[in-house]
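Residues take their numbers from the sequence shown, with the count starting at 1.
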Amino acid sequence: IGRGCAAKDLAYLFVCGMDLDDDFENVLEEKFLKFYIEELASNGLDSSSPLPTFDGLKEALDLAYCDLYRWMCGWGVWGNGFLGDRVRKCLENGIV
């Protein structure tokens, strides 16, 4: 297991690597994040790498979405359509 922020990989997967339904942010995102944490727990993170909390992973994911969007703005935005609105919400709520 690497030491980088997993939220960056999750953001890229959710935005560019999956065909998502309209209910992704309201239902599926939470399920995927909880499943991810469960899989980390069952597949052996060592004690030097504590499991992320759901809230911590969610906050990191919001930052990763913003970073991905910032990068995409230089190349063109593609993928699932929720990204622009999600970044706007993060900015309005002072997350970044």
- Message: Determine whether E30 and K34 satisfy the following criterion, salt bridge (charged side-chain N to carboxylate O under 4.0 Å, His left out), listing intermediate values before the conclusion.
- Response: CA-CA 6 Å; E30 181 176 328; K34 287 179 178 179; 2.7 Å; yes
Starting at [atom1] of [X], measure out to [atom2] of [Y] and round the result to the nearest 0.5 Å.
X: Y65; Y: D85; atom1: OH; atom2: CG; result: 12.5 Å
X: L13; Y: Y36; atom1: CG; atom2: OH; result: 10.5 Å
X: C5; Y: L57; atom1: SG; atom2: CG; result: 7.5 Å
X: D62; Y: D67; atom1: CG; atom2: CG; result: 12.5 Å
X: I37; Y: S42; atom1: CD1; atom2: OG; result: 12.0 Å
X: E39; Y: F32; atom1: CD; atom2: CZ; result: 12.5 Å

- Message: Are F82 and F14 an aromatic pair, judged by ring center distance below 6.0 Å?
- Response: no
- Using a cut-off of 6.0 Å, state whether more than 12 heavy atoms not belonging to E29 lie near its atom CD. yes
- With hydrophobic residues grouped by side-chain heavy-atom distances under 4.5 Å, do W75 and V77 end up in a single group? yes
- Item | Side chain to side chain, P52 and L33, heavy atoms closer than 4.5 Å | no
- Query: Considering residues at least two apart in sequence or located in another chain, which fulfil the salt bridge (Lys or Arg N to Asp or Glu O under 4.0 Å) criterion with K8?
  - Reply: none
- Query: Minimum heavy-atom separation for A7 to A64, with atom names?
  - Reply: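 Taking every non-hydrogen atom into account, O-CB, 3.4 Å.
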- Test side-chain contact (heavy atoms from CB on, under 4.5 Å) applied to E92 - qualifying residues, sequence neighbours left out: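 For E92 the side-chain contact (heavy atoms from CB on, under 4.5 Å) partners, ignoring immediate neighbours, are R88.
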